[in-house]
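All heavy atoms count here, side chains included; hydrogens, waters and symmetry mates do not. Indexing begins at 1, ligand by ligand and atom by atom, following the structure's order.
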Amino acid sequence: MEITRDTVAVITGGASGMGRSTALALARSGASVAIADLNEARIAETVAELEALGVGALGVRCDVSRPEDIANLRDRTVERFGRVDILMNNAGILPLGSISAMPLAEFERAMRVNFLAVVCGVQTFLPDLAARGQAHIVNTASMAGTFAYEPDSVAYNASKAAVISLTENLALGLAPQGIGVTCLVPGGVATNIMEQVKVSGEIGDLASYVGAHFVMRTADEVGEMVVAAIRDNTFFLPTNPELVALLARRAADPDGFVHEMQDWFAAHQPA
Ligand code: NAD
């Protein structure tokens, strides 16, 4: 879809990392942006950065795990801008711990923030997006949802796999309403995500497979990629395009691939 000075975007987790960078990239294209986040200091900083670019900016304190907060975000955005064209469900947390160490409550938290909040975001904003005739949804998943390489973040990985399935289904289901859908699939990206990590039990050397095989991206690079994907209606948006070849290899031999990953993981455990 075209991004113009009339375009209005809403981004959860918009005060930091990839959400903030996407907000700024959209603003450079002329869009007004509402950012939702828990971090009020960073909301204020990002709103000031957006305003400095000469666009409309709104910051809303919002816990995406609370449906009433998402409803408030929708109401505040429509009250201020009158419409919503782009929704980016991006807020996320990284609970760490193995299957034996992580309490069920941590799995529930991961699913509530990383997955159910995406469902709630889509359900809440769908009438506004559908009313535009042309709109776009971006859901932030993770490379960790596409194949298993880090069993010490099993709850996170499963929550992101759920986001990928949901998002692919939305791409089919919402196209008739003129709503394009992008699944952002970051590998390693330099952001503030490690600030709010909660660890259950002992964990090994985190995500070393991704670090060893994929280039680390900056959040600003990702922000530009997201804006291009919205313009071009790209569905699958890995921040490391080589991921596609790896997934093709996995699809060709799923059994052999898992054995290969088991061997790699065993060889890279701390002594
Ligand atoms: P970040 O921590 O810099 O930004 C995430 C923002 O989400 C923060 O500002 C945080 O306050 C906010 N947030 C967290 N919980 C929230 C809640 N309940 N309600 C509202 N806001 C909340 O991290 P980031 O890396 O930019 O993360 C963005 C997304 O990218 C996340 O979904 C994350 O899982 C995903 N991701 C990140 C990486 C990476 O390497 N950084 C890799 C794959 C996927």
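- Of all the heavy atoms of Arg42, none lies under 4.0 Å from any atom of ligand 1, so neither backbone nor side chain is involved.
- Considering only non-hydrogen atoms, atom 32 (O) of ligand 1 lies nearest to Asn90 out of Asn90, Thr46, Thr140.
- The option with the heavy atom closest to atom 42 (C) of ligand 1, from among Gly187, Ser142, Gly223, is Gly187.
- Here the heavy atom of the protein found nearest to atom 41 (N) of ligand 1 is Val189 O, 3.0 Å.
- Ranking the protein heavy atoms by distance from atom 10 (C) of ligand 1 puts Asp37 OD1, 3.4 Å first.
- Of all atoms in ligand 1, listed by their number and element, those nearer than 4.0 Å to a heavy atom of Tyr156 are 33 (C), 34 (O), 35 (C), 36 (N), 43 (C), 44 (C).
- The ligand atoms of ligand 1 that sit less than 4.0 angstrom from a heavy atom of Gly17 are 3 (O), 26 (O).
- Not a single heavy atom of Met143 lies less than 4.0 angstrom from ligand 1.
- The single protein non-hydrogen atom nearest to atom 14 (C) of ligand 1 is Gly92 O, 3.7 Å, given as residue, atom name and distance.
- In terms of protein heavy atoms, atom 18 (N) of ligand 1 is closest to Asp63 OD1, 3.0 Å.
- At least one heavy atom of Gln196 sits less than 4.0 Å from an atom of ligand 1.
- Residue contacts with ligand 1: Ala141 is included, with a non-hydrogen atom under 4.0 Å away.
- Among protein heavy atoms, atom 26 (O) of ligand 1 sits closest to Met18 N, 2.9 Å.
- Counting heavy atoms closer than 4.0 Å to ligand 1, residue Ala36 contributes nothing at all.
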